[in-house]
Amino acid sequence: MSELKPAVYQTPHDVSIEQFATDVQYYLALQPRQLPSRYFYDALGSALFDAICHLPWYRITRAETRLLAAHAREIFDRGVDTIVELGGGNGEKLMTLVQSGRRAPVRPLDLRLIDVSASALAWSARALSVLDAVNIVTYEASYETGLAAARAASEASSRTLALFLGSNIGNFDPPGAAAFLRGIRGALRSGDTLLVGADLVKPEADLLLAYDDPLGVTAAFNRNLLVRINRELQGNFDVNAFAHRALWNAHASRVEMHLVSRGRQHVRVPAAQLEFDIEDGESIWTESSYKYDPQGLRQMVERAGFRTLHQWIDGDDAFALTLVAAV
């Protein structure tokens, strides 16, 4: 074991109850009604998502982990001083990357973890603290805020690898994904690298099983968003009166998740100054997960100011890791 002990810090978070209330008020007033998927990840939501990643029907995590283990050495051999992970969850993928790719450490590796979930950051930091010669800094913040803070704190000469894994890019619509990637490029220096994990288009039946599993874990994950509103914003949603629905929108190349009202309900969310009736069969759109083809994925990232270095594809489970450099 190295004599250098991991140091864990945490920045103040920027996701307030007031912002949560503002977003709930705005998005539930839209037609169709919506809720931002970033609010899935309270402590219970993070635990439920971790369970989803272990389900046999949800292949993303296993496919991505295989690719990370197989190609980690190629990634590290380009030179990495700092890794900034956006929305890393429980830290297992970053652990796989570091353990599989890093040669005997001669100097500390900075690991900067960014997530809106305090519990996910705590789990990840705890798991990664067993690594030799690492400095761990956590940012409970939005991706944009955390990345800017992490990059500002790094030395000008350091080589940074940003990670955006788990097909989280698929939670943005195409204009949002393009803007987000441009934002990442703006926070990086020329020569820094970005590794993007993205789920590819596959048969509809396989996609729907991944987002509406037979055990009902994904349904619980979806409905927990209403539980969180009830708890934190004094809402009165009848959670049992909402059904989970997943559907494949082939035209838009996305899986959609909805909460569908079973009967007419009168909803009040006092902390969001919101009161409305939701009709029988009316839905609240909670998540979109876009799926890609490999060439389209490369083109999307390159238009944001990057150059493709490698793209590795897991053919069994149709998943891609794309490594690009900021130009």
Side-chain angles (χ1 to χ4, degrees), residues 6 8-25 27-28 34-55 58 60-61 84-95 111-130 136-147 149-150 163-168 171 210-211 213 215-240 242 244 257 259 269-272 284 286-287 289:
V8 181
Y9 305 94
Q10 184 166 314
T11 62
H13 69 79
D14 70 345
V15 183
S16 65
I17 290 292
E18 291 76 15
Q19 185 61 55
F20 184 26
T22 297
D23 285 344
V24 167
Q25 180 188 58
Y27 284 97
L28 282 179
Q34 301 173 39
L35 285 169
S37 60
R38 62 180 172 272
Y39 292 116
F40 278 133
Y41 300 97
D42 62 352
L44 179 55
S46 294
L48 286 167
F49 183 71
D50 187 53
I52 288 169
C53 292
H54 290 85
L55 295 173
Y58 190 84
I60 288 174
T61 304
V84 180
E85 185 171 27
L86 308 175
N90 62 15
E92 290 181 358
K93 293 176 195 172
L94 181 51
M95 178 77 79
L111 304 179
R112 302 183 182 273
L113 316 177
I114 302 167
D115 206 301
V116 296
S117 170
S119 58
L121 287 170
W123 295 338
S124 183
R126 188 179 305 115
L128 294 165
S129 67
V130 303
I136 302 171
V137 182
T138 70
Y139 300 81
E140 188 184 343
S142 66
Y143 295 147
E144 296 85 350
T145 300
L147 181 58
L163 304 179
F164 198 46
L165 304 176
S167 205
N168 286 331
N171 292 138
Y211 290 84
D213 63 273
L215 294 181
V217 182
T218 313
F221 174 71
N222 199 9
R223 283 196 288 263
N224 181 59
L225 188 47
L226 302 182
V227 174
R228 182 177 184 182
I229 292 173
N230 286 352
R231 183 182 66 249
E232 297 184 18
L233 303 180
Q234 297 80 56
N236 73 334
F237 280 103
D238 182 353
V239 178
N240 288 327
F242 283 87
H244 168 70
M257 292 206 317
L259 291 166
V269 187
I284 300 172
T286 56
E287 185 179 48
S289 184

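Position 1 is the first residue of the sequence; numbering continues from there.
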Between V239 and the options L259, N230, L225, the side chain to side chain contact (heavy atoms under 4.5 Å, CB included) test singles out N230
So, the side chain of S46 versus the backbone of A43: is there a donor-acceptor pair under 3.5 Å, distance only?
no
Okay, side chain of H244, backbone of M257: is any donor-acceptor separation there less than 3.5 Å?
no
Can you confirm whether L113 sits close enough to L128 that some side-chain heavy atom of one is under 4.5 Å from a side-chain heavy atom of the other?
yes
Show the nearest heavy-atom pair for residues A272 and V24, with the distance to one decimal.
CB-CG1, 4.3 Å
Examine distances only and state if a side-chain atom of N224 and a backbone atom of V227 form a donor-acceptor pair shorter than 3.5 Å.
no
For N222 and T286, which I'm curious about, is there any donor-acceptor pair between the side chains at under 3.5 Å?
yes
Distance from R231 atom CZ to L44 atom CG, nearest 0.5 Å?
7.5 Å
Are side-chain heavy atoms of F20 and I229 found at a separation under 4.5 Å?
yes
Flag for Y41-D115: side-chain donor and acceptor within less than 3.5 Å:
no
Can you tell me if N90 uses its side chain to pair, donor with acceptor, with the backbone of W123 under 3.5 Å?
no
With the side chain counted from C-beta on, respond yes when K93 and T61 share a heavy-atom pair under 4.5 Å apart, and no when they do not.
yes
Show the nearest heavy-atom pair for residues P36 and D23, with the distance to one decimal.
CG-CB, 4.3 Å
For the atom pair CZ (R223) and CG (L48), what is the distance rounded to the nearest 0.5 Å?
11.0 Å
Taken to the nearest 0.5 Å, the spacing of I60 CD1 from S289 OG works out to 5.5 Å
Smallest separation among heavy atoms of F237 and L28, with atom names
CZ-CD1, 4.0 Å
dist T138:OG1 -> R112:CZ (nearest 0.5 Å) comes out at 11.0 Å
Would you give the length of the straight line joining atom OG of S129 to atom CG of L111, rounded to the nearest 0.5 angstrom?
10.5 Å
If you take all heavy atoms of I114 and A141, which pair is closest and at what distance?
CG2-O, 3.9 Å
Atom of Y58, atom of C53 and distance for their closest heavy-atom approach:
CD2-CA, 3.9 Å
Rounded to the nearest 0.5 Å, what separates atom CG in L226 from atom CZ in F242?
5.5 Å
So, for R228 and Y39, which heavy atoms are closest and what is the spacing to 0.1 Å?
NH1-O, 2.9 Å
Do any N or O atoms from the side chain of E85 and from the backbone of L163 form a donor-acceptor pair under 3.5 angstrom?
no
Taking the side chain as every heavy atom from C-beta outward, state whether N168 and L86 have any pair of such atoms under 4.5 Å apart.
no
